[in-house]
Amino acid sequence: MLKRIRLLLAAVLTALSTVVALAAPSAAADPPVPPSSAGQRWALKVADHYVTVSAGPSGDTKLRANLTATTPGTSEQFTLHTDWVMGDGFGSKVSFRSEATGNYVTTEDDASASLLRTRATTTGAWERFTLKPLSGNTFGLLASNGKYVAAELGTYPDKGLLRARTAPPAQLDDLGSWERFTLEKVGGQGSTGSAPAPTSQAPVTRDVVSWNVCGNNNTACSLNGATPATVANNVSNALHQAMGTRRPDAIFFQEICEKAAKPLELALESWAGPMDVRFMPTYYNVAGTTVQAQKDCDNAKDGTSRGSFGIALAVPDSNTWYQGTVLPSPSTKEQRPMLCAVMPAEGSAYCDAHFSSGPYTDPNGNPQGDDTDLKNPVRPQQAQAMRTTVDTLTSAGYTTYYGGDLNTTQNDVDYLSALYPDHQECGQPTPSSPHTGAPTDGNNKIDYIFGPQGPTYTCRVVDGTLSDHRVINLTTS
């Protein structure tokens, strides 16, 4: 008798009935994962075999244990995602998105033998998995049908196929080797290795912009639920109007969805010149594990996926090195991102970040915010992490500009003290001037841009009308 083998995946499916769970076999796939994303890639392994996405005779992409692959190629790579689950929030479940197809792994119904396929364009109950930690740094993958994922070792065409078919054992560690999965990081978050050395000295004149575009699901903002194309066109048009005849050297974006990055790049190029738009996701720690999954944006109002939620950095298209960092953040809250890029031919480097939100009260009087431990706030740690990266780039010979939505008002600007030495804030006429500036969010200044001391600084704050934040623009001469 042929021996049946079972596998275990690292993500679980549980319920959200309002989202379409299964795509029709003929449904067109989303574009592959944007190559400019600095999101972490993962390989999934079972019994030391990589899990691969393989096209079946019907054109559907099935998951199976690859018995011959020794290194993870594109077909063996995934990004991990988490969306909001009622009652549990972000980080309770994960979804797997194929690097090869751009689609999410879904669990088929019983009529399809609970196969795992990468054919869902949005996430719902059938695309969610729970990671169950096991001994030896392995996981069981609990699917939304209440069963664990296993790899089959039957005859072709079943050989190695992943199915959610193993009933929960009396003891979780009773799961077999073909139900035990490991997650292996593939590459880094963006470029690997150190930044290349600059080949020229940075010009004194720079024009840098930062804008929290409020591009996810804030009902107070006009981009709430907008499609990636709408976000791209409206943001580009608003910036063009704000900049007039000037062209930005770099733009820092916050609260933007991943799938808007490429359309935004194309829209900006219509007036700002050739640019690349790089993306870095915001993460959540996955419950009970050391794994981090990208926070997904809500679907657009037309039901389409908008990809991950995070920040973006627009720089001239000669950029080839960019790198994302997950900043120190409260463990159960958003794991905040930073993204840096260098321009060797102009000697400039740029870093964009979105720091944790401080304590505040929502319109219903409920306390909110991520950085609420006043005895051990994380924003000073985030500022120090940013400064450490800036110092590394500066010591490599770059003139560095950095900032973003730092979620810190002038009342607690000391949280940002690591960012000031040897640099100057947009809004300070001189390095020794008080830390003041025009408000960028309501009556508060929480958006910042820093540059080197020496040049003459002009700082403008412009209402771009789309967001609850205003555009902040640093110009040096």
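These values consider heavy atoms only, across backbone and side chains, with no hydrogens, waters or symmetry-generated copies.
- Judged purely by atom type and a 3.5 angstrom limit, Thr74 has no side-chain atom pairing as donor or acceptor with the backbone of Ala100.
- A cation-pi arrangement is not found for Lys132 relative to Phe139, the charged atom failing to lie both closer than 6.0 Å to the ring centre and inside a 45° cone about the ring normal.
- Between the side chains of Thr52 and Glu76, at least one donor-acceptor pair of N or O atoms lies under 3.5 Å.
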inquiry  = Could you walk me through whether Thr456 and Ser477 satisfy the side chain to side chain contact (heavy atoms under 4.5 Å, CB included) test, starting with their C-alpha distance in whole Å, then the side-chain angles of each, then the deciding distance to 0.1 Å, before giving a yes or no?
reply    = CA-CA 5 Å; Thr456 300; Ser477 58; 3.9 Å; yes
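- Residues Phe279 and Phe253 place their aromatic rings such that the two centres sit no closer than 6.0 Å.
- Side chain to side chain, Glu255 and Asn216 fail the donor-acceptor criterion of an N or O pair below 3.5 Å.
- Aromatic pair Trp42/Phe78: ring centres not closer than 6.0 Å.
- Judged by distance alone, the side chains of Asn103 and Ser98 never bring a donor and an acceptor atom under 3.5 Å apart.
- Here the side chains of Met386 and Cys351 are in contact, with some heavy-atom distance below 4.5 Å.
- Side-chain contact of Arg460 with Asn473: a donor-acceptor pair under 3.5 Å is present, judged by distance alone.
- The two residues Arg306 and Asn299 come nearest to each other via the heavy atoms NE-C, 3.9 Å.
- Closest of all the heavy-atom pairs between Thr430 and Ser433 is OG1-OG, 2.7 Å.
- The existence of a salt bridge linking Glu346 and Arg206 is confirmed by a sub-4.0 Å separation between a basic side-chain nitrogen and an acidic carboxylate oxygen.
- Ring pair His423/Tyr402: centre-to-centre distance below 6.0 Å.
- Looking at Glu127 and Ser95, their side chains never bring a donor and an acceptor atom within 3.5 Å of each other.
- Checked by atom type, the side-chain pair Gln368/Thr361 shows no donor-acceptor distance below 3.5 Å.
- Salt bridge Arg278/Asp276: present, at least one basic N to carboxylate O contact under 4.0 Å.
- Checked for salt-bridge contact, Arg470 and Asp463 miss the test: no charged N lies under 4.0 Å from a carboxylate O.
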ask   = side chain to side chain contact (heavy atoms under 4.5 Å, CB included) between Leu264 and Val231: does it pass, once the steps are laid out?
value = CA-CA 8 Å; Leu264 180 57; Val231 171; over 6 Å; no
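- For the residue pair Thr82 and Ser92, the shortest heavy atom distance occurs at OG1-N, 4.3 Å.
- Between the side chains of Gln292 and Tyr284, not a single donor N or O lies within less than 3.5 Å of an accepting N or O.
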request  = Please step through side chain to side chain contact (heavy atoms under 4.5 Å, CB included) for the pair Asn319 and Leu313, ending with a clear verdict.
outcome  = CA-CA 11 Å; Asn319 166 254; Leu313 178 55; over 6 Å; no
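- Considering all non-hydrogen atoms of both residues, Cys340 and Trp321 come closest at O-CZ3, 4.1 Å.
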CA sep, side-chain torsions, deciding dist, call: Thr118, Thr61, side chain to side chain donor-acceptor pair (under 3.5 Å) = CA-CA 5 Å; Thr118 59; Thr61 46; 2.4 Å; yes
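- Within 6.0 Å of CD on Gln453 lie more than 12 heavy atoms contributed by other residues, nucleotides or ligands.
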ask   = Are Val471 and Val209 close enough, and set up right, to give a side chain to side chain contact (heavy atoms under 4.5 Å, CB included), and what steps lead you there?
value = CA-CA 7 Å; Val471 179; Val209 176; 3.5 Å; yes
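- Side chains of Gln381 and Tyr415: no donor on one and acceptor on the other come within 3.5 Å.
- Of all heavy-atom pairs between Leu183 and Val291, the closest is CD1-CG2, 4.0 Å.
- Residues Val235 and Leu268 have side chains not in contact (no heavy-atom distance under 4.5 Å, counting atoms from C-beta outward).
- With hydrogens and angles ignored, the 3.5 Å screen pairs a side-chain donor or acceptor of Arg336 with a backbone N or O of Phe355.
- Looking at Arg379 and Asp412, a side-chain N of the basic residue comes within less than 4.0 Å of a carboxylate O on the acidic one, giving a salt bridge.
- Looking at every heavy atom in both residues, Glu425 comes nearest to Thr436 through OE2-O, 4.2 Å.
- A donor-acceptor pair under 3.5 Å is formed between the side chain of Asn285 and the backbone N or O of Ser331.
- Side chain to side chain, Gln254 and Ser210 meet the donor-acceptor criterion of an N or O pair below 3.5 Å.
- Under the 3.5 Å distance criterion, the side-chain polar atoms of Lys445 are matched with a main-chain donor or acceptor of Asp447.
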